[in-house]
Protein chains: 2
Amino acid sequence: MALQSAATRDSRTAAQGPARFYNPCEACAVRGAGICAPLEPQELERLSAIAGRSRLGAEQVVFCEGDPADTVFAVTEGTVRLSKMLLDGRRQITGFLSPGGFLGIAYSDTYSYSAEAVTSLALCRFPRRQLEGLIVELPGLERRLLSMAFDEIKAAQDQMVLLGCKSAEEKLATFLWQWCLKAGRRERSDCVIDLPMNRTDIADYLGLTTETVSRTFSRFAKEGILALPSTHDVILRRPERLKEMASGEF
Amino acid sequence: MALQSAATRDSRTAAQGPARFYNPCEACAVRGAGICAPLEPQELERLSAIAGRSRLGAEQVVFCEGDPADTVFAVTEGTVRLSKMLLDGRRQITGFLSPGGFLGIAYSDTYSYSAEAVTSLALCRFPRRQLEGLIVELPGLERRLLSMAFDEIKAAQDQMVLLGCKSAEEKLATFLWQWCLKAGRRERSDCVIDLPMNRTDIADYLGLTTETVSRTFSRFAKEGILALPSTHDVILRRPERLKEMASGEF
DNA sequence: CGCGCGTTTGAATGTTTTCAATCTTCGTGG
DNA sequence: CCACGAAGATTGAAAACATTCAAACGCGCG
């Protein structure tokens with residue numbers, strides 16, 4: 001379903017003058033965060049022209065590993081999980097995407113991983129072919145894509161360190177600390193974070209079982225490092241302890 | 001030390017005529033594999049103009065995590081290992097690079113990981129600034145970089161699956177099978193592979209200890225899956241068994 | 001030939017997993 | 001509005017896999 005209908009677009013056109021169309025991207029909540037960031041208004045309009053918008057409910061599938069990769073997405077609201085599965089059902093979550101995140105590009109003609117909605121989502125859709133055409137024309141877009149790819153590589157490397165080197169405790173501490181930073185609540189000593197995903201998602205992201213994740217949460221709570229008002233809300237009472245446990249990194 | 005000295009270049013110039021300079025990239029063993037692949041001869045010359053060449057002995061450091069990232073490298077001979085360390089010395093090897101591989105780009109103003117020579121190396125060096133300038137001018141270069149970044153992301157995701165989901169046995173089987181594919185010996189039933197790295201490197205790549213790697217090698221040998229003429233040479237006697245154990249992937 | 005380092009092998013330990021049961025939460029329907 | 005049922009989360013106990021500690025082996029180099 002279109003988030004921004006043609007009708008809405010037309011009504012704004014009239015208000016802004018005859019030659020100028022209303023561009024929903026300009027009012028986008030993640031304008032400045034996603035791929036759109038480096039684009040000039042007229043370039044943004046080109047991008048907007050090929051963009052569709054859609055909403056998905058929680059747990060719905062955006063795309064599956066192996067599907068023909070004909071669409072690229074940008075997250076504007078909600079949280080997406082990216083995952084890969086083994087034949088016997090074991091799953092590795094390779095990342096969580098927040099608004100501004102970009103998914104589906106980068107890959108052959110089929111998606112190399114699956115993407116699902118953790119929460120309800122708002123997405124921008126770009127037909128892959130058209131986006132690729134636009135990349136050729138707009139150097140800013142390609143530069144931005146490269147920069148986002150580099151960030152993704154860096155994040156993936158950090159995750160490899162986590163998966164390969166760290167203990168359960170260190171893994172969860174790292175995860176919570178990073179989520180805390182991402183939420184931008186680093187200033188307050190009492191950092192309240194919302195974890196949209198469930199324990200299984202966290203486990204599959206950290207290479208643990210739900211039981212181990214749960215036990216580790218409980219231990220942290222018992223030690224006064226955090227409090228758990230509900231399963232999805234965490235209050236970091238001693239974020240500095242968490243940071244210590246998480247760290248180890250250069 | 002320069003692999004191709006200015007003197008050598010001059011002598012060839014004379015041999016080829018007054019207006020044309022000898023371009024060592026044209027004779028490069030990895031021409032067609034690395035970033036140079038998509039470049040036209042004249043573009044290649046631009047790239048060649050900013051390239052330096054050097055050799056390193058085994059175990060020498062190419063660069064360290066945290067060093068100012070002013071140079072980008074391309075591997076022309078040998079194997080490089082990329083790694084990240086925790087403060088207490090635990091190490092995760094994030095990848096091994098073979099000829100055609102590219103390292104050092106992608107990152108802020110400091111390297112986000114370390115790179116060391118597994119074997120003796122031959123490298124091309126590109127001053128980062130100049131390469132970035134060239135990227136702006138040569139769209140093929142940027143396209144290629146993006147494509148290589150995407151491949152790297154894909155590989156990183158596979159490695160996350162390995163680290164997060166797989167057993168020691170599956171990890172080693174995956175590693176050997178991939179190395180076998182990379183060496184291009186997939187046709188023969190008896191696939192002989194050369195592992196330039198030592199057991200510790202393999203362990204740190206797979207998120208295991210050297211002991212576990214060694215034990216798993218021994219078990220594979222006892223089961224007739226492979227033979228170990230020496231620690232660095234592996235004969236895959238039943239590669240299909242290895243592939244089965246490795247797989248699990250879609 | 002002997003030393004040193006990397007590898008292999010063995011035994012004990014431990015962290016995480018597995019299996020199982022209970023508790024909690026939340027949505028649905030009576 | 002409350003009761004019920006299902007799914008997720010927590011907790012406990014037992015088991016397993018990989019690690020740790022320790023010793024022996026083997027290979028290459030001086």
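Here is how names work: the chains are called A, B, and so on, in the same order as the sequence lines, proteins then strands, and each is numbered from 1. Values in this document were obtained by computation on a predicted structure and should not be read as measured data.
Spacing between atom CG of Leu206(A) and atom C1' of dT15(C) amounts to 16 Å, rounded to whole angstrom units. Regarding Glu169(A), its CD atom lies at a distance of 8 Å from the P atom of dT16(C), rounded to whole Å. Taking atom CG of residue Leu172(B) and atom P of nucleotide dA18(D), one finds them 11 Å apart after rounding to whole Å. The interatomic distance linking Leu208(A) (CG) with dC17(D) (P) rounds to 18 Å, in whole Å. Look at CG on Leu163(B): it is 15 Å from C1' on dA18(D), rounded to the nearest Å. To the nearest angstrom, C1' of dA6(D) lies 15 Å from CD of Glu59(A).
Using a 4.0 Å heavy-atom criterion, one finds that Ser230(A) contacts no nucleic acid atom at all.
Note that the two end axes of the helix from dC1(C)-dG30(D) to dG30(C)-dC1(D) enclose an angle of 30°, each drawn from 5 base pairs, rounded to 10 degrees.
For the atom pair Ile153(B) CD1 and Tyr113(A) OH, the distance stands at 8.5 Å (nearest 0.5 Å). One distance of note links OG of Ser83(A) with CG of Asp204(A); it measures 8.0 Å at 0.5 Å rounding. Of the inter-residue distances, the one linking Leu97(A) atom CG with Leu82(A) atom CG reads 5.0 Å to the nearest 0.5 angstrom.
By the 4.0 Å N-to-carboxylate-O rule, Glu240(B) lies close enough to Arg238(B) to be salt-bridged with it.
Residues Arg199(A) and Thr210(A) bring no donor and acceptor atom of their side chains to less than 3.5 Å of each other.
Of the two residues near DNA chain C, Ala168(A) and Pro229(A), the one whose nearest nucleotide lies more 5' is Ala168(A).
Aromatic ring centres of Phe73(A) and Phe126(A) lie farther apart than the 6.0 Å criterion allows.
Among residues two or more places apart in sequence or in another chain, the salt bridge (Lys or Arg N to Asp or Glu O under 4.0 Å) test is passed with Asp201(B) by Arg81(B), Arg91(B). Shown here are the side-chain contact (heavy atoms from CB on, under 4.5 Å) partners of Gln60(A), two or more places apart in sequence or in another chain: Leu56(A). The salt bridge (Lys or Arg N to Asp or Glu O under 4.0 Å) search around Lys166(A) returns Glu249(A), not counting sequence neighbours.
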## Note on the structure
In B/S/- notation (B base, S sugar-phosphate only, - none; protein heavy atoms under 4.0 Å), nucleotides 9-14 of chain D written 5' to 3' is SBBBB-
### Query
Using a cut-off of 4.0 Å between protein heavy atoms and nucleotide atoms, how would you tag nucleotides 24-30 of chain D 5' to 3' with B, S and -?
-------
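Partner Leu195(A) forms a side-chain contact (heavy atoms from CB on, under 4.5 Å) with one of Val118(A), Ile202(A), Leu228(A) and no other, that one being Ile202(A).
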